[in-house]
S.K.: 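Take a look at this one; I'll ask things after.
Heavy-atom basis, side chains included; hydrogens, waters and symmetry copies ignored.
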Amino acid sequence: MEWDFKAAEDLAAALRTGEVSSVELTEGAIARIERDDEAINAICVPDFDRARAAAHQADRARARGEDRPLLGIPVTVKESYNIAGLPTTWGMPAHRDYMPAEDAVQVSRLKAAGAVVLGKTNVPLGLQDIQSFNEIYGTTANPWDHGRTAGGSSGGSAAALASGFGALSIGSDLAGSLRTPAHFCGVYAHKPTLGLAATRGMVAPSEPAWPVDLDLAVVGPMARTARDLTLLLDVMAGPDPLTHGMAHRLALPPARHERLRDFRVLILDEHPLLPTGSAVRAGVNRVAAALADGGARVERHSPLLPDLAEAATLYMRLLISGSVARFPIDSYERLRTRAAALSADDQSLDAVRQRALVFSHRDWMEADNRREAHRHGWRQLFAEFDAVVCPITPTPAFPHDHSPNPMERRLDIDGAGYPYFDQLAWAGLATMPGLPATAIPADRSPEGLPVGVQLIGPMFEDRTPLRLAELLEQRIGGFRAPN
């Protein structure tokens, strides 16, 4: 039987009955990687010897009667997570030889759940791009069209899943880095509520692996089915045992509804600051039609929706100011001069980003206070709705663009060019207030490229968009392997 594209849930069932062994699954995954990954370049750091040893251990454990959530299931891990004995570089040549001494907390949780780690997946330089390429490991191609990006920064993980290189992967998301690659590659991903899953050890190699509370950034699961997302989230979720875990225990509420007809869903396909491409709009509308056909209450407008233009502006301010906080002083002075030269009338997202490069602490506090107003607005909206369906980016996967200054790149949306980083506006809708968002395959573009949408849910009610994702998978289908 062909196992490489089976859901992790199905693999677990087959392992329990003895229909297949972990060694067989692992050897099959390794063989596929060795055969197909030269063209995709998803697995940048293989760890096949230890994977084989872990598979043998899993089979012995099962023979003793053990059963853990991921026992014997082959998985991959984003390169940015520390794994003892493997390099963690974030694609930065200066850290090519950095080798962490211990596993990230999420890698430890994967191993404790019995997963077999095949290796690490490719990322962009410093995780700072919507593509996955760097000087150390090269470029990851989209499995559907090798001339296009797999997305970033969890692009290697999404491409690995779409190519059958393991059943699950873990990534991270600050600017759509889980959701965008899933959308581009036709797989599933879940951006958890901010703070739901411990992030220790998912850290740049220049930084100590301390249990810090990150702003905006989360770690989360990627899979080929919606149910597998829930399976992996249950392994990942929970506070860091060194800090909040000393006093708190996780108790996620159940999904609000089990039946599609009980869901109340707000559909968004237009943004005030950039257009939505026709292929993505069609994907959103396909999901909207499936919801309506299933009896869900579907609305297109609500006065409770927080202002999308201000949300995008706040997101860019928080994202950029946090990302550049450690710029060298000489760089800072140049950036401040450039920002001061901007016209006061220029309120474009590009101008917002340039001003955010030189934010003061007072500026950041003002943006953070406005964020709290938006969080309250979302609480009010989710008293009337259970989920919001909207784009992840305005287009399907775009052609590779490795021009050195990403601030000068342009994104083609139905024949018109827009600033490259404006496409983050949709991803930021959930990231800025810290809401959970599940990326699901929704459609195919006229060129045959995957099109995904995101299901945004109420804070700490992650099981609600995940359950909605399962129900939609049943109605519109889900992952299918590239041709």
S.K.: Does the plane of the ring in H244 sit parallel, tilted or perpendicular to the ring in H248? Use 30° and 60° as the thresholds.
M.R.: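 Aromatic pair H244/H248 classed tilted.
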S.K.: Once rounded to the nearest 0.5 Å, what's the spacing between atom CG of L15 and atom CG of D67?
M.R.: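 Reported to 0.5 Å precision, the distance equals 9.0 Å.
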S.K.: Can a donor-acceptor pair be found between the side chains of D103 and N82 at a distance below 3.5 Å?
M.R.: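 The answer is no; no qualifying pair exists.
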S.K.: Between L125 and G91, what is the shortest heavy-atom contact and its length?
M.R.: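 L125 and G91 have their closest heavy atoms at CD1-O, 3.2 Å.
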S.K.: Is the closest side-chain heavy-atom distance between L455 and V453 below 4.5 Å?
M.R.: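 In short, these two side chains touch, coming nearer than 4.5 Å.
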S.K.: Using a strict 4.0 Å threshold on nitrogen-to-oxygen distance, state whether R52 and D47 make a salt bridge.
M.R.: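 D47 and R52: not salt-bridged.
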S.K.: Shortest non-hydrogen contact from A42 to A160?
M.R.: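 Scanning both residues completely, I find the closest heavy atoms to be CB-N, 3.8 Å.
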S.K.: Has R227 got more than 12 heavy atoms of other residues, nucleotides or ligands less than 6.0 Å from its CZ?
M.R.: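 No, the 6.0 Å shell around CZ holds no more than 12 heavy atoms from other groups.
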S.K.: Let me confirm one number: the CG-CD1 distance from L424 to I320, rounded to the nearest 0.5 Å.
M.R.: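 Rounded to the nearest 0.5 Å, the CG-CD1 separation comes out at 8.0 Å.
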S.K.: With a 4.5 Å heavy-atom cut-off, do P192 and P436 have their side chains touching?
M.R.: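 No, every pair of side-chain atoms sits at 4.5 Å or beyond.
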S.K.: Taking CD in E102 as the centre, count heavy atoms belonging to other residues, nucleotides or ligands within less than 6.0 Å. Is the count above 12?
M.R.: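 No, CD of E102 has 12 or fewer neighbouring heavy atoms, counting only those of other groups under 6.0 Å.
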S.K.: Which is it for S157 and T121 under the side-chain hydrogen bond (donor to acceptor under 3.5 Å, both in side chains) test, yes or no, and what are the steps along the way?
M.R.: CA-CA 5 Å; S157 287; T121 59; 2.7 Å; yes
S.K.: After noting the C-alpha distance and the side-chain angles of N134 and N122, does the key distance pass the side chain to side chain contact (heavy atoms under 4.5 Å, CB included) rule?
M.R.: CA-CA 9 Å; N134 61 77; N122 202 22; 3.0 Å; yes
S.K.: Hey, are the side chains of F421 and P406 touching, using non-hydrogen atoms and a 4.5 Å cut-off?
M.R.: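 When only atoms from C-beta onward are counted, P406 and F421 do touch, with a gap below 4.5 Å.
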S.K.: Looking at R35, I'd like to know if its CZ atom is crowded, meaning that more than 12 non-hydrogen atoms belonging to other residues, nucleotides or ligands lie closer than 6.0 Å.
M.R.: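 Yes, because the 6.0 Å sphere around CZ of R35 holds more than 12 heavy atoms from other groups.
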S.K.: Check whether more than 12 heavy atoms from other residues, nucleotides or ligands sit under 6.0 Å from atom CD of E2, and answer yes or no.
M.R.: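 More than 12 within 6.0 Å, yes.
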S.K.: Does either side chain, that of D240 or that of T243, offer a donor lying less than 3.5 Å from an acceptor on the other one?
M.R.: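 No donor-acceptor contact under 3.5 Å links the two side chains.
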S.K.: Please test R463 against E461 for salt bridge (Lys or Arg N to Asp or Glu O under 4.0 Å), starting from the C-alpha separation and ending with a verdict.
M.R.: CA-CA 5 Å; R463 297 197 190 282; E461 294 189 54; over 6 Å; no
S.K.: Distance from D228 atom CG to M222 atom CE, nearest 0.5 Å?
M.R.: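 D228 atom CG to M222 atom CE measures 13.0 Å (nearest 0.5 Å).
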S.K.: Could you tell me whether Y420 and F398 have their ring centroids closer than 6.0 angstrom?
M.R.: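 Yes, the ring centres sit under 6.0 Å apart.
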S.K.: For L70 and L110: C-alpha separation, side-chain torsions, deciding distance, then whether side chain to side chain contact (heavy atoms under 4.5 Å, CB included) applies.
M.R.: CA-CA 8 Å; L70 306 180; L110 280 179; 3.8 Å; yes
S.K.: Looking at D49, I'd like to know if its CG atom is crowded, meaning that more than 12 non-hydrogen atoms belonging to other residues, nucleotides or ligands lie closer than 6.0 Å.
M.R.: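 Not buried by this count: 12 neighbours or fewer within 6.0 Å.
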S.K.: Are the side chain of H400 and the backbone N or O of R148 linked by a donor-acceptor pair below 3.5 Å?
M.R.: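 Yes.
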S.K.: Checking side-chain polar atoms at under 3.5 Å, does S206 have a donor or acceptor matched by the opposite partner on H95?
M.R.: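 The criterion, which ignores hydrogens and geometry beyond distance, is not satisfied for H95 and S206.
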S.K.: So W210 and V203, do their side chains get closer than 4.5 Å, heavy atoms only?
M.R.: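 Contact flag for V203/W210 side chains = no.
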S.K.: Could you give me the CA-CA distance, side-chain angles and deciding distance for Q106 and V77, then say whether side chain to side chain contact (heavy atoms under 4.5 Å, CB included) is met?
M.R.: CA-CA 9 Å; Q106 293 299 343; V77 172; over 6 Å; no
S.K.: Do D462 and L196 have side-chain heavy atoms sitting under 4.5 Å apart?
M.R.: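 When only atoms from C-beta onward are counted, L196 and D462 do touch, with a gap below 4.5 Å.
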S.K.: Looking only at heavy atoms, what is the nearest atom pair of A367 and F359, with distance?
M.R.: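 The pair with the smallest heavy-atom distance is CB-CE2, 4.3 Å.
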S.K.: Examine the side chains of T438 and R467 and answer whether a donor and an acceptor come within less than 3.5 Å of each other.
M.R.: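 No, R467 and T438 have no side-chain donor paired with an acceptor closer than 3.5 Å.
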S.K.: So E24 and W3, side chain to side chain contact (heavy atoms under 4.5 Å, CB included) or not? Walk me through it.
M.R.: CA-CA 9 Å; E24 290 174 296; W3 296 103; 5.9 Å; no
S.K.: Please assess R32 against D36 for the test salt bridge (Lys or Arg N to Asp or Glu O under 4.0 Å), listing each intermediate value before the final yes or no.
M.R.: CA-CA 6 Å; R32 181 174 287 273; D36 296 343; 3.5 Å; yes
S.K.: How long is the straight-line distance from CZ of R96 back to OG1 of T89, given to the nearest 0.5 Å?
M.R.: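 T89 OG1 to R96 CZ: 8.5 Å, rounded to 0.5 Å.
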S.K.: Is the shortest heavy-atom distance from the side chain of V280 to the side chain of H183 under 4.5 Å?
M.R.: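 Sidechains of H183 and V280: in contact.
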S.K.: Is R68 salt-bridged to E66, going by a charged N under 4.0 Å from an acidic O?
M.R.: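 Yes, charged N to carboxylate O under 4.0 Å.
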S.K.: Working to the nearest 0.5 angstrom, can you tell me the gap between S169 OG and K78 NZ?
M.R.: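 So the OG of S169 and the NZ of K78 are separated by 9.5 Å.
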S.K.: How close do Y81 and A104 get, counting heavy atoms only, and between which atoms?
M.R.: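 Distance-wise, the nearest heavy atoms are CD2-CB, 4.0 Å.
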S.K.: Looking at H402 versus F133, is the centre-to-centre ring distance below 6.0 Å?
M.R.: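 Yes - the distance between ring centres of H402 and F133 falls below the 6.0 Å cut-off.
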S.K.: Does CD in E135 sit with more than 12 non-hydrogen atoms of other residues, nucleotides or ligands closer than 6.0 Å?
M.R.: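 No, CD of E135 has 12 or fewer neighbouring heavy atoms, counting only those of other groups under 6.0 Å.
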S.K.: I would like to know whether R200 and S108 meet side-chain hydrogen bond (donor to acceptor under 3.5 Å, both in side chains); could you show each step before the answer?
M.R.: CA-CA 11 Å; R200 176 164 48 93; S108 295; over 6 Å; no
S.K.: Do L242 and M246 touch side chain to side chain, with heavy atoms closer than 4.5 Å?
M.R.: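 Side chain of L242 against side chain of M246, heavy atoms only: no contact under 4.5 Å found.
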S.K.: Going by heavy atoms in the side chains, are S163 and P143 under 4.5 Å from each other?
M.R.: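 The answer is yes, as the side chains (C-beta and beyond) meet within the 4.5 Å cut-off.
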S.K.: Tell me whether the NZ or CZ atom of R444 lies within the 45° cone about the ring axis of W144 and under 6.0 Å from its centre.
M.R.: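 Yes, R444 sits over the ring of W144.
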S.K.: Can you name the closest pair of heavy atoms from C390 and L429 and give their distance?
M.R.: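 Minimum heavy-atom separation between C390 and L429: SG-CD2, 4.1 Å.
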S.K.: Of all the heavy-atom pairs spanning Q454 and A430, show the shortest one and how long it is.
M.R.: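 Between these two residues, the closest heavy atoms are OE1-CB, 4.4 Å.
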S.K.: Can you tell me how far CZ of R109 sits from CG of D234, rounded to the nearest 0.5 angstrom?
M.R.: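 The distance works out to 12.0 Å.
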